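Here's the structure, in C-alpha cells; my notes come after.
These numbers come from a predicted model, not from an experiment.
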Amino acid sequence: MRRFQDKIDENIKDDDAFAVLEFSKQSSKRKRRLKSVALLLFNLLVIAIIIVVEFTSNHERVDITTVLKTWGENWYFMLALFGLVTLYFLGMTARMSLLIRATTGRPRRKLSFSTAVLGKYYDFITPFGSGGQPFQMFNLGRKLDVGLSTSIPLADYIVHQLVFSVMAIVVFIINPEVMGGNTLLIVAAYIGIVVFAGIPLAVIVLSIFPKAIQVPLKFLCRIGHKIRLIKNLEKAEAKVINGVERYAGSMKALSSKWRYLVISALLSVMCWIAYHALPYFVLRVCGVTANFYDTVCMSIFIFAAIVVVPTPGGAGAAEGAFYAIFQSLTGGFLFWGTMLWRFCIYYIVLILGLSITVYQYIHASRKEKRAAALAINKYATHTEAGESVTDDDVSET
C-alpha cells in the first residue's frame, strides 16, 4: 500500500483533475468530521450541565440503600414502569416505520428507530425543543428523497401534536378539578395547548397553500443575499420554491394514505398514555398509593403547562411542575422519585440518542476510510497498467 501511495505522490501532478477532486473530497470530509465532533462535544456538554443542575438542586435525600430497598419491594411496579418506557419507544418507531412504508413500500425499521430516537434526543437538548424535526429530516435524508425526508417527520409531528391536543382539551373539560385550583398551572396549560396545537395547524395550512409561504421565503433569501450569506440569489430562490413544492406534494400524497394516518394517530394515543402513566408507577414504586386516572390527567395538565418553557427538555420547570404530582413523596423520596421519572422520560432518550450519534459517526468514518483505500488501490492499479484515471473512476469508489 505504501508503494502505491508513493506512486500516487509522484504522478499526482500529471493528473490535475484527479488532484483537484481528491483535495476537494478530503477537505469536505475534514469539514464534516469536524462538524460531527463539534456536535458530539456540544451534546456531551449540554447533558453534563443538565445532570449537574438536577443533582445539585435538591439536597434533601435519604440514603440510597433505603430507596433501593423500597424499590425492590415494589419490583413489579418497576417492571411495569420500564415496560411503559419500552412501549413508548416501540410506538414512536412504529409510527415512523408506518409512514416510511406508506411512501416507499418498505418499513425500514432500523432507520425508523434511529430517526424516532434522534427526534426526541434533539428535542431534549435544544431550546424550545426545536431541534427534533430538522435532525429527523437530516437522518432520513441519508436514505430517502428530499421531499419524503421532509414530509415524513412533519406528518408524524402533526399527528402526534394534534392527538395530544385533543387529549388535553378532553381532560381540561371533564377533569379540571384535578389541579386543585392551581390557577397558575391551569392558565399555563391553556396557553401551552394553544401553542402546541397552533404550530401543526399552521403547517397544515401552509401545505395546503404552498404558494403563500413562497413570498416570505423569497424575502428571507433576498435578505441573505444582501448580507452575503447567499451568493446566487436566483439559484437559492429556485431551490426554495422547488423544496416547498416537493414538500407540499409529499404531504398531499401522505394525506391520501388516510388509513396509515389513522393507525399513526392510534399509535400516538398509545405513546401519550404510556408517557403520562409513568408518574403513577413512579409513585407506586416508591410505596405511595395513587389514583391512576387522576395522576394521568394531572400529568397531561402539567405537560401542557411546560411545553413553552425554553430550557432543553424543560429542565428545571419540568421538575418543579411535576412536584405537584410527587408531593405525596416525603423527604428524600421526593428527589429520588423525581429522578427516577426523569430517567425514564429523559435520560434514557439521551443515552440512546448519544449512542446512535456516536455509532453513526464511527460508521461514517470507517466508510470514508474504506472508500479512500479503494480509491488508492484503483488508482494504483490503473497507473501500473499505464492507464489514466478519470473523475468518474474516482467517484465510483
Side-chain angles (χ1 to χ4, degrees), residues 28-29 31-50 88-100 103-104 108-161 164 196 199-200 203 207 239-240 243-244 246-247 250-251 254 264 268 271 275 307 309-315 345-365 367:
S28 177
K29 288 176 183 177
K31 288 179 181 178
R32 289 199 304 270
R33 192 173 289 113
L34 286 173
K35 287 181 180 179
S36 298
V37 172
L39 183 61
L40 184 60
L41 292 176
F42 170 76
N43 292 348
L44 290 171
L45 178 63
V46 171
I47 293 169
I49 291 173
I50 292 171
Y88 180 72
F89 282 107
L90 288 175
M92 287 198 306
T93 303
R95 290 196 333 256
M96 192 62 62
S97 178
L98 190 72
L99 294 176
I100 292 176
T103 52
T104 67
R108 308 192 76 136
R109 295 180 183 87
K110 184 178 177 181
L111 177 63
S112 301
F113 176 74
S114 66
T115 303
V117 172
L118 287 176
K120 295 301 296 181
Y121 175 65
Y122 283 101
D123 271 346
F124 284 167
I125 66 170
T126 53
F128 291 105
S130 57
Q133 279 68 50
F135 273 90
Q136 284 185 327
M137 294 172 190
F138 174 77
N139 195 60
L140 288 176
R142 300 169 185 265
K143 304 290 184 181
L144 304 181
D145 171 77
V146 175
L148 293 179
S149 63
T150 303
S151 59
I152 289 174
L154 283 176
D156 179 69
Y157 167 79
I158 290 169
V159 171
H160 199 53
Q161 298 275 99
F164 175 76
F196 206 74
I199 296 174
V203 173
S207 65
K239 186 176 181 180
V240 166
V244 171
R246 295 179 71 180
Y247 157 72
S250 298
M251 289 296 288
L254 272 172
S264 179
S268 288
C271 287
Y275 182 93
V307 292
V309 175
T311 55
I345 64 135
Y346 191 65
Y347 290 114
I348 287 179
V349 175
L350 295 187
I351 292 168
L352 289 174
L354 189 60
S355 300
I356 292 172
T357 302
V358 172
Y359 168 78
Q360 289 183 342
Y361 172 73
I362 294 174
H363 180 72
S365 297
K367 190 174 180 180

Donor-acceptor contact below 3.5 Å, side chain Y275 vs main chain Y88: no
pair Y122-P134: side-chain heavy atoms closer than 4.5 Å: no
Can you tell me which residue among T357, V358, L352, I351 is in a side chain to side chain contact (heavy atoms under 4.5 Å, CB included) with S355? I351
State, to 0.1 Å, how close Y346 and F124 come at their nearest heavy-atom pair, and which atoms those are. OH-O, 3.0 Å
Correct closest heavy-atom pair for G141 and S149 would be N-CB, 3.5 Å
Backbone of I100 reached by a side-chain donor or acceptor of T104 within 3.5 Å: yes
Spacing of CG belonging to D156 relative to CD belonging to Q161, to within rounding of 0.5 Å: 9.5 Å
When rounded to the nearest 0.5 angstrom, what distance separates CE in M137 from OG in S151? 8.5 Å
Among K143, Q136, R142, find the one that has a side chain to side chain contact (heavy atoms under 4.5 Å, CB included) with N139. R142
Please give me the minimum heavy-atom distance between S97 and S112, naming the atom from each residue. CA-OG, 3.1 Å
How long is the gap from CZ on F138 to CG on L118, to the nearest 0.5 Å? 10.0 Å
In Å and rounded to the nearest 0.5 Å, what is the NE2 to CZ distance from H160 to R95? 4.5 Å
Just how far is it from atom CG of L98 to atom OG1 of T93, taken to the nearest 0.5 Å? 12.0 Å
Dump the intermediate steps for side-chain contact (heavy atoms from CB on, under 4.5 Å) on T115 and F135, then the final yes or no. CA-CA 8 Å; T115 303; F135 273 90; over 6 Å; no
So do L140 and L148 actually touch side chain to side chain, heavy atoms under 4.5 Å? no
Report yes if the side chains of F89 and I348 come closer than 4.5 Å at any heavy-atom pair, otherwise no. yes
Rounded to the nearest 0.5 angstrom, the OG-OH distance for S114 and Y359 is 9.5 Å
